[in-house]
K.L.:
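Starting off with a structure, shown below.
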Number of protein chains: 2
Amino acid sequence: MSVLSDTIEGFIKSLIMEGQKEIELQRNELAHHFSCAPSQINYVLATRFSLDKGYAVQSRRGGGGYIRVIRLETDGEDFIAGLIRSRIGERITQHEAYAIIGRLVEAGFINEREKCLMKSSVSDNALSVPAVVKDVLRAKIMRTQLTALLCEGGGHE
Amino acid sequence: MSVLSDTIEGFIKSLIMEGQKEIELQRNELAHHFSCAPSQINYVLATRFSLDKGYAVQSRRGGGGYIRVIRLETDGEDFIAGLIRSRIGERITQHEAYAIIGRLVEAGFINEREKCLMKSSVSDNALSVPAVVKDVLRAKIMRTQLTALLCEGGGHE
DNA sequence: AATATAAAAGTCAAAGAAAGACTAAACACG
DNA sequence: CGTGTTTAGTCTTTCTTTGACTTTTATATT
């Protein structure tokens, strides 16, 4: 066996492979099962189940809390993940953002109403912050939106 | 259903869904049915059936007491306009924002996908700005989004 | 009618349960 | 070495559950 994180990664993946495209797990229970610190689970999730690896993670705290790992098997996964990485990046202007949103419509990933929603929330008008941070904020919002669209069907964060 | 409160919430909602827009229930009876402390019912009502979430709760103590849960009517064209004016205002927390978005879903103004989109774009996570301006920015974005939806027209499908 | 009793529901605070964030140490590897 | 990855530990935050105590109301008793 390689390192512990790989073992945990494999364990989670084996759970997902059994038909479903998403599983729910208990952080403490899992940590106990592998005799490690609970935060190790977070580490594995962050490094092995990130968006560009094709996964989304949702969770909930408190009594009855859980961590849900979702395998993204959308056809557009690569397309959108690629978009996030290469076209959006750390900052983006309103002009560029609108262009990308337009492409999403053409590609059939979003409809007209969703286009409206997205455009309105990343418009210069809505983002009433200093110019220096506006493009950074817009990029962050767009990334978050696209990620949310990818795991649509799950619960909430 | 993972946790007791969710189960109770579902139970109450299923009662309401059966046609009526309001139901009456007995706190102790309900608590006994779910084998929990009576005050747990209050907790569920407070967290799941708040005004923000589109419900009103009335009650009466003493012999023959009751708890009445009323689903607030939301049809009417200026529902959203009213929301913008009275419930969002100049600033809004993530918690309040999510509640309102949930209400939009229940009222049939937006669908699950649009909910995801809206929630993601006003999440604390997406709005990476100093805490002082975060709630103001969130309110601005929400207002812009809702306005955009109004212009687009109600028919999502 | 006045009072006592019992039957509700309300409030609040404490305890418990779970995940998140952050930090620091240990390890691997060029 | 030095740098990046892994592991562990601790503290914080969020959400749930319970219990003790209070307040209100209807009903029975005197």
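Reminder, nothing fancy here: chain letters follow the sequence lines and each chain counts from 1.
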K.L.:
Looking at CD of B:E24 and CD of B:Q58, how far apart are the two atoms once the value is rounded to the nearest 0.5 Å?
P.N.:
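Reported value, rounded in 0.5 Å steps: 9.0 Å.
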K.L.:
Just how far, in rounded Å, is C1' of D:dG9 from CD1 of A:I41?
P.N.:
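Atom-to-atom, A:I41 to D:dG9, this comes out as 15 Å.
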K.L.:
Find the distance B:R48:CZ to D:dT14:P and express it as a whole number of Å.
P.N.:
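For the pair B:R48 CZ and D:dT14 P, the rounded distance is 16 Å.
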K.L.:
Using the rule given for side chain to side chain contact (heavy atoms under 4.5 Å, CB included), can you reason through A:V122 versus A:I101, listing the C-alpha separation, both sets of side-chain angles and the distance that settles it, and then say yes or no?
P.N.:
CA-CA 10 Å; A:V122 299; A:I101 294 172; 4.1 Å; yes
K.L.:
Taking the side chain as every heavy atom from C-beta outward, state whether B:V44 and B:D6 have any atom pair closer than 4.5 Å.
P.N.:
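Not in contact.
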K.L.:
In whole angstrom, give the distance that lies between atom CZ of A:F34 and atom C1' of D:dA8.
P.N.:
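Rounded to the whole Å, the gap is 17 Å.
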K.L.:
Under 3.5 Å, side-chain donor or acceptor atoms of residues 26-41 of chain B against the rest of the protein: list the pairs with distances, not counting sequence neighbours.
P.N.:
| unit_1 | atom_1 | unit_2 | atom_2 | d |
| --- | --- | --- | --- | --- |
| B:Q26 | NE2 | B:G65 | O | 2.6 |
| B:R27 | NH1 | B:N42 | OD1 | 2.6 |
| B:Q40 | NE2 | B:S5 | OG | 2.9 |

K.L.:
Could you give the angle between the helix axes at the two ends of the helix from C:dA1-D:dT30 to C:dG30-D:dC1, with five pairs per end, rounded to 10 degrees?
P.N.:
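The value is 0°.
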K.L.:
Looking at A:S5, does any N or O in its side chain come under 4.0 Å of the phosphate oxygens OP1/OP2 on D:dT7?
P.N.:
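Checking A:S5 against D:dT7: at least one side-chain N or O falls below 4.0 Å of OP1 or OP2.
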K.L.:
Starting from the C-alpha separation in whole Å, work towards a yes-or-no answer on side chain to side chain contact (heavy atoms under 4.5 Å, CB included) for A:R48 and A:Y43.
P.N.:
CA-CA 8 Å; A:R48 268 76 161 184; A:Y43 176 75; 3.9 Å; yes
K.L.:
Go through D:dT7, D:dG9, D:dT16 for me and flag the one nearest to the B:Y43 side chain.
P.N.:
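Nearest to the side chain of B:Y43 among the choices is D:dT16.
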K.L.:
Between B:Q145 and B:S121, do the side chains contain a donor N or O and an acceptor N or O under 3.5 Å apart?
P.N.:
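Yes - a donor-acceptor pair under 3.5 Å links their side chains.
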K.L.:
Is there a side-chain contact between B:L25 and B:I67, using heavy atoms and a 4.5 Å cut-off?
P.N.:
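Yes, side chains in contact.
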K.L.:
Can you confirm whether A:E90 is buried at CD, in the sense that more than 12 heavy atoms of other residues, nucleotides or ligands lie under 6.0 Å from that atom?
P.N.:
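Counting other residues, nucleotides and ligands, CD of A:E90 stays at 12 neighbours or fewer.
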K.L.:
Just the rounded figure in Å: distance from P of D:dA8 to CG of A:L30.
P.N.:
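It works out to 13 Å between those atoms.
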K.L.:
Starting at CD of B:Q40 and ending at P of D:dT18, how long is that distance when rounded to a whole Å?
P.N.:
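Rounded to the whole Å, the gap is 6 Å.
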K.L.:
Find the distance A:D6:CG to D:dT6:P and express it as a whole number of Å.
P.N.:
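Rounded to the whole Å, the gap is 7 Å.
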K.L.:
Looking across every strand, which nucleic acid part, if any, lies under 4.0 Å from B:R68 by heavy atom: base, sugar-phosphate, or nothing?
P.N.:
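The answer is nothing, as B:R68 stays clear of every strand by at least 4.0 Å.
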K.L.:
Base, backbone or nothing for each nucleotide of nucleotides 6-11 of chain C, written B, S, -, heavy atoms under 4.0 angstrom, 5' to 3'?
P.N.:
-BBBBB
K.L.:
So A:K115 and A:E112, salt bridge (Lys or Arg N to Asp or Glu O under 4.0 Å) or not? Walk me through it.
P.N.:
CA-CA 5 Å; A:K115 181 184 81 175; A:E112 283 295 321; 3.1 Å; yes
